[in-house]
Colleague: 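If you scroll down you'll find the structure; I have some questions about it.
The chains referred to below are lettered A, B, ... by the order of the sequence lines, with proteins before strands, and numbering in each begins at 1.
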Number of protein chains: 2
Amino acid sequence: MPPESPTSLLSPARSPRPFTTTGQRTVDRTTRHSETRYGNRPTMKDVAARAGVGLKTVSRVVNSEPGVTPDTERRVQEAIDALGFRRNDSARVLRKGRTASIGLVLEDLADPFYGPLSRAVEEVARAHGALLINGSSAEDPEREQELVLALCARRVDGLIVIPAGDDHRYLEPEIKAGIATVFVDRPAGRVDADMVLSDSFGGSREGVAHLIAHGHRRIGFIGDQPRIHTATERLRGYHAAMTDAGITVEDGWVSLGTTDPGRVRAAAEAMLGGPEPVTALFAGNNRVTVTAVRVIAERERPVALVGFDDIELADLLGITVISQDAAAVGRTAAEHLFRRLDGADHAPARVELPTTLIPRGSGELPPA
Amino acid sequence: MPPESPTSLLSPARSPRPFTTTGQRTVDRTTRHSETRYGNRPTMKDVAARAGVGLKTVSRVVNSEPGVTPDTERRVQEAIDALGFRRNDSARVLRKGRTASIGLVLEDLADPFYGPLSRAVEEVARAHGALLINGSSAEDPEREQELVLALCARRVDGLIVIPAGDDHRYLEPEIKAGIATVFVDRPAGRVDADMVLSDSFGGSREGVAHLIAHGHRRIGFIGDQPRIHTATERLRGYHAAMTDAGITVEDGWVSLGTTDPGRVRAAAEAMLGGPEPVTALFAGNNRVTVTAVRVIAERERPVALVGFDDIELADLLGITVISQDAAAVGRTAAEHLFRRLDGADHAPARVELPTTLIPRGSGELPPA
DNA sequence: CATTGCGTTGACAACGTTGTCCAGGGCCTA
DNA sequence: TAGGCCCTGGACAACGTTGTCAACGCAATG
C-alpha cells in the first residue's frame, strides 16, 4: 500500500498564514534560470538552501509529513515565509498522477439553470478536496469536444458533461484511461457511461395534461432545437399528453428551433394569431418561457402558460412551471462521479430525477 | 475548516517497469496498454516506440512544429490514434512555465449577477487561448484566501478576484512572483493592484434621488453586510442623496446585514409597519430586491421601490432598478488582465463603470 | 562495550514534457 | 566528384515535486 495520502491539492496542507513582513528575497539564484523566464518563483530547492536543510525536508514540512523536528520545521517555515514560497502543483500533479480536480462542461454559465447546478457540483467537489473547472460549450458540439479534451489534457480526475453534441466516442480513450465521466441532463452519444437526467418526458406530459385538465385542447408547444435530447423528450411528452386526451395536434401548434427571443416571439405570435389560435402555450425551457410571458403580457386575451424549468420571481408573476431542481441534478451527478473516483466499479447507471408541477395561476387559466 | 480528503488521491501503484534504458524495443509497452489498466496512460515515449521514431519527433507532431516529413508525421499520428494518446498538460506546464489558465474567485456562481460576469470572463479568456477556473468564496474571507492560494499553487497566469475579505496582503508574494491580478466589484484590501468597480455610490445616490424626485422623503435602505465595500458605498450614496435633499435619516430607516430572505423580510416589514412607515424602499442588491418585491406584493398600500442590480423579468414586474452590466464588468476586468499578461507595465489602474437607472414603474409611484 | 533499533535527514531517481544541440543524409553547386 | 548546406530526427537535460532508500546520530538493550 502507498503511504498515507497527503492532503488534497485544493486545501493547502498548512493553514493560511498571516503575512510576514520579514521577507527579503535574497537567495543566490544567479544563473539558475535564463532571464527570459517569466515569474521567477522560489522553489523548494531555494527554501532548502536558505534554511540549510535538504530538499526532501522542505517537502515534508510543506506537506505536513511526520518525521521533522520542531526546530527544523521552524527554520524551514521561516524560509518559506521569507521567500514567499508556494508549492507548484503542476509538478506535484506530474509526480502524483492525480490532480484533485474535476471538469464540468455545460452549455452556458450565464443561464440561470446552470449557475446553481455548477455551484452544487462545486460544493460536492470541495467536500472531496477537489477543484472544479467549468467551461461553456455554447451548445456547440465542436466547442464541447475542444473543452472536454482540454480538460482531459489537464488530467482532471473526472468529468461531468452536459452534452452539446450527440456523439461522444471521442471520449472513449479518455474513459478507458481512467477519467471518470458522468453525463448530465442529456444522454451520452454512443458511449456507455453514467447519466443523470431529469424526467423531461414525464414532466412535459404532466404539464400539458395539466392544461388539458383545465379545459384546453388547442395547445402550442415551443421548444429548443430537436438536436437537443431534452427538447425532443419534452416534445414527446407533449404529444403523449395530447394523444392521451384524444387530441390531434394540428400543424402550426409545434415550433422547434432556437431559443432566440426573436424567433420564439414570432412562433408564439403565429400560434396566437389567425382564425383558430391556440388557447395555451407550453414552453420547452426557461428562456422560451421568459419570452412567452412577455408576448402573452402584451395580449388582450388571456393565454394559459406552463413552462419547463422554474424562473426567479415566477411566483410573483404567477407562472405555472414544471420545475427541475438544478442543484439536485448537479449534486447527484457529482456524487456519482466521486463514487466512481473512490473506486465504485459497477455498470454505468442511469438516474432519472423527477420533476414537479408548481401551479401558480398561468397554467390554471381556462380557455378564452 | 477545509475538509481533508481521507481517500487515496494517489494513483494505484504502478506496475514495475521491466526496463528503463533507451535502446530497447517496446513489446511490453504495447502489451501494457492493451491490458486496459486504468490510470496508466500512454506517453510520448510509448507513441515514439510504437511509431519507431524519437521522442522529440512525437512532440513535434503533437505541437504541429515544423520539420517533420509527412510520412513520419503520418506514422506518428497513427500511433497516437492507436494508443489514444493525449498530451499531459501538467508536464507541459512544468516545462513551459505558463499554464494558459486564469482564475476567477467570486462570491457565488449561482447568483444571477455572477453567472454572466463569469461567462464574459470566460469568453475573453477563450479568445486568448486560456482556460478559466472559477471558484465561489461564499463571501467567506478564509475560503477566498484558500481558493486564491490553491489557484496560485496551480500557477494560473492571472487572477480575477471579487474580494470577500478586506485584507489581501497574503497575495503580495504571488503578485510579486508574477501572477497578474485584477480586483473586481470591490477594491482590494491593502494591496496595490488593478481594480474594476461599478459606481455603487453614484448609482445608489441616483436611485434614491429618483425616489425623492417622486415625492418621497421617508425612504428605507436595506443592504448587505457593511464589511462588503459595495454595501457601504451604496449606503453612502443613500445618505448623500438624502442629505442633498435636506432630509434627516431617521433611526430604523437603514438596515445592514445579511441578504438572507428572512432577515430582509423582517427588516422591510419593520420599516413598513409602525405609526410612521417609510413610503419607499431602496434595495441594496438583487437578492434584497427580490425579497422586497415579495414583501411589497403582500401589502395593501403601494410602496415605491428601487433596487440595485437588474433582475430577470423585472420589466414585466415593473421594477425600477439601478443596472450595472455584469458582463461588461467581467469583460473589462478580463481585458485588463490579459493586457497585463501581454506585458503592460503601467501603474495599477482603477476603472469605475457607470450604472444606469431604468425606470419601470415601481420607482415612480408617489408616496401613499 | 557492542549492538540493536528508531527517529531524522538527505541523495537520488522518476513523473512527461519541451528546448538545445548535434549527427547524419540528401542535394545542390563549383 | 568533392564540398558545403539544409533538412530531418534523436539524445539529453531541465522543469519542481515526491517516493525510495540508505546513512546518520542517539538511546536503549544485550
Side-chain angles (χ1 to χ4, degrees), chain A residues 1-7 9 13 29 31-34 36-49 51-73 75-76 85-99 153-155 177, chain B residues 9-11 13-14 16-17 19-23 39-49 51-73 75-76 83 85-99 153-155 177:
Chain A
M1 279 303 289
E4 180 50 31
S5 162
T7 56
L9 291 172
R29 26 195 317 146
T31 54
R32 238 171 43 67
H33 294 293
S34 65
T36 55
R37 216 171 137 53
Y38 214 84
N40 209 356
R41 301 195 63 132
T43 70
M44 284 192 180
K45 200 170 158 188
D46 301 317
V47 174
V53 301
L55 182 54
K56 180 62 194 185
T57 299
V58 176
S59 173
R60 287 200 184 90
V61 172
V62 168
N63 295 294
S64 305
E65 287 171 25
V68 181
T69 314
D71 180 61
T72 309
E73 175 168 357
R75 284 215 319 286
V76 171
F85 165 82
R86 182 150 330 272
R87 184 178 67 195
N88 184 329
D89 274 350
S90 292
R92 176 170 221 251
V93 158
L94 179 59
R95 194 58 237 260
K96 301 197 74 120
R98 283 266 182 137
T99 54
R154 279 172 199 251
R155 297 292 188 270
Chain B
L9 286 174
L10 285 174
S11 45
R14 298 193 167 240
R17 301 249 171 132
F19 65 93
T20 48
T21 41
T22 52
N40 212 352
R41 302 195 61 133
T43 71
M44 284 192 180
K45 201 169 159 188
D46 300 317
V47 174
V53 301
L55 182 54
K56 180 62 193 183
T57 300
V58 177
S59 172
R60 279 197 266 267
V61 171
V62 169
N63 294 294
S64 306
E65 287 171 25
V68 181
T69 319
D71 180 60
T72 308
E73 174 167 0
R75 285 215 318 286
V76 170
L83 295 177
F85 166 82
R86 181 150 331 269
R87 184 179 65 196
N88 184 330
D89 273 352
S90 291
R92 174 168 224 254
V93 158
L94 179 58
R95 191 61 235 263
K96 300 198 77 118
R98 281 262 186 141
T99 55
R154 283 175 195 249
R155 296 293 188 270

Colleague: Measuring from A:Arg87:CZ to A:Asp89:CG, what's the distance to the nearest 0.5 Å?
Modeller: 5.0 Å
Colleague: Figure out the CG/P separation between B:Leu55 and C:dC15, and round it to whole Å.
Modeller: 12 Å
Colleague: Closest approach to the side chain of A:Lys56, judged atom by atom: which nucleotide of C:dG10, C:dT17, C:dC15 is it?
Modeller: C:dG10
Colleague: Give the rounded distance in Å between these two atoms: CZ of A:Arg92 and C1' of D:dG19.
Modeller: 12 Å
Colleague: Is any N or O donor-acceptor pair between the side chain of A:Arg155 and the base of C:dG16 shorter than 3.5 Å?
Modeller: no
Colleague: Does a side-chain N or O of B:Arg95 approach OP1 or OP2 of D:dA14 to a distance below 4.0 Å, or not?
Modeller: no
Colleague: Looking at the side chain of B:Thr57, which of D:dG10, C:dT17, D:dT18 is the nearest nucleotide?
Modeller: D:dG10
Colleague: Report the nucleotide, chosen from C:dG19, C:dT17, D:dT17, that has the shortest atom-to-atom distance to any side-chain atom of B:Lys96.
Modeller: C:dG19
Colleague: Does D:dT18 have OP1 or OP2 under 4.0 Å away from a side-chain N or O of A:Ser59?
Modeller: yes
Colleague: Please determine if a side-chain N or O atom of B:Asn63 lies less than 4.0 Å away from the OP1 or OP2 oxygen of C:dT18.
Modeller: yes
Colleague: Heavy atoms from C-beta onward define the side chain here; which of D:dA13, D:dG9, D:dT17 lies closest to that of B:Arg60?
Modeller: D:dG9
Colleague: Pick the closest DNA chain D nucleotide for B:Glu73 and for B:Ala91 by heavy atoms, then say which residue is nearer the 5' end.
Modeller: B:Glu73
Colleague: I need the minimum non-hydrogen distance between A:Ala91 and B:Leu94, along with the two atoms involved.
Modeller: CB-CD1, 3.7 Å
Colleague: Check the distance between D:dT8's C1' and B:Arg75's CZ and give it to me in whole angstrom.
Modeller: 12 Å
Colleague: Kindly indicate, with the supporting measurements, whether the criterion side-chain contact (heavy atoms from CB on, under 4.5 Å) is fulfilled by A:Asn88 and A:Arg41.
Modeller: CA-CA 9 Å; A:Asn88 184 329; A:Arg41 301 195 63 132; over 6 Å; no
Colleague: Side chain of A:Thr69 only, heavy atoms from C-beta on: which candidate in D:dG10, D:dG19, C:dT9 is closest?
Modeller: C:dT9
Colleague: Would you check, one step at a time, whether the test side-chain contact (heavy atoms from CB on, under 4.5 Å) holds for A:Thr43 with A:Val47?
Modeller: CA-CA 6 Å; A:Thr43 70; A:Val47 174; over 6 Å; no
Colleague: Answer yes or no: does a side-chain N or O of B:Ser90 lie under 4.0 Å from OP1 or OP2 of C:dC15?
Modeller: no
Colleague: In whole angstrom, give the distance that lies between atom CG of B:Leu94 and atom C1' of D:dC15.
Modeller: 4 Å
Colleague: Has A:Thr72 got a side-chain N or O lying under 4.0 Å from the OP1 or OP2 atom of C:dT9?
Modeller: yes
Colleague: Tell me: CZ of A:Arg98 to P of C:dG16, nearest whole Å?
Modeller: 15 Å
Colleague: Quick one: side chain to side chain donor-acceptor pair (under 3.5 Å) partners of B:Thr99, sequence neighbours excluded?
Modeller: B:Ser101, B:Asp157
Colleague: Check the distance between C:dT9's P and A:Glu65's CD and give it to me in whole angstrom.
Modeller: 13 Å
